[in-house]
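Each residue takes its place number in the sequence, starting with 1. If you're wondering where the values come from, they're calculated on a predicted model, not measured in any experiment.
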Amino acid sequence: MKITLHASMCVASGNCGFVAPEVFSNPEDNGGFAQLNDSAPPESEWEAAAEAEFLCPSKAIQIDRHQIPPR
């Protein structure tokens, strides 16, 4: 899983940091706008990251769910 955050689209709803705090944060010193803490989170965070993508009102979160096979 690879996550992209389109920061310019963020409306600072705070949903992502609430449901996936290991992956996203919404620091007050940044006006509550989302920051991506981990663009390739461990599998244990995938469900929370997917929920954050679904709940994002501005669709600023994009998740690529394709797995790259090991070489």
For residues 1-16, which side-chain donor-acceptor pairs fall under 3.5 Å, sequence neighbours excluded?
from : atom 1 : to  : atom 2 : distance (Å)
H6   : NE2    : Q62 : OE1    : 3.0
S13  : OG     : N15 : N      : 3.3
N15  : ND2    : L55 : O      : 3.0

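- Atom CD of Q35 sits in a crowded spot, with more than 12 heavy atoms from other residues, nucleotides or ligands closer than 6.0 Å.
- Using a 4.5 Å cut-off on side-chain heavy atoms (C-beta onward), L36 and F24 make contact.
- The backbone N or O of A40 lies less than 3.5 Å from a partner atom in the side chain of D38, making a donor-acceptor pair.
- Under a hydrophobic-cluster definition in which Ile, Leu, Val, Met, Phe, Trp and Tyr are linked whenever side-chain heavy atoms come within less than 4.5 Å, directly or via other members, F33 and F18 are assigned to different clusters.
- Transitive grouping of hydrophobic side chains (ILVMFWY, heavy atoms separated by less than 4.5 Å) keeps V19 and I63 in distinct clusters.
- Among residue pairs with one or both ends in residues 49-63, those qualifying as salt bridge (Lys or Arg N to Asp or Glu O under 4.0 Å) are E53-R65; sequence neighbours excluded.
- Between P21 and N37, the shortest heavy-atom distance links the atoms O-ND2, 3.6 Å.
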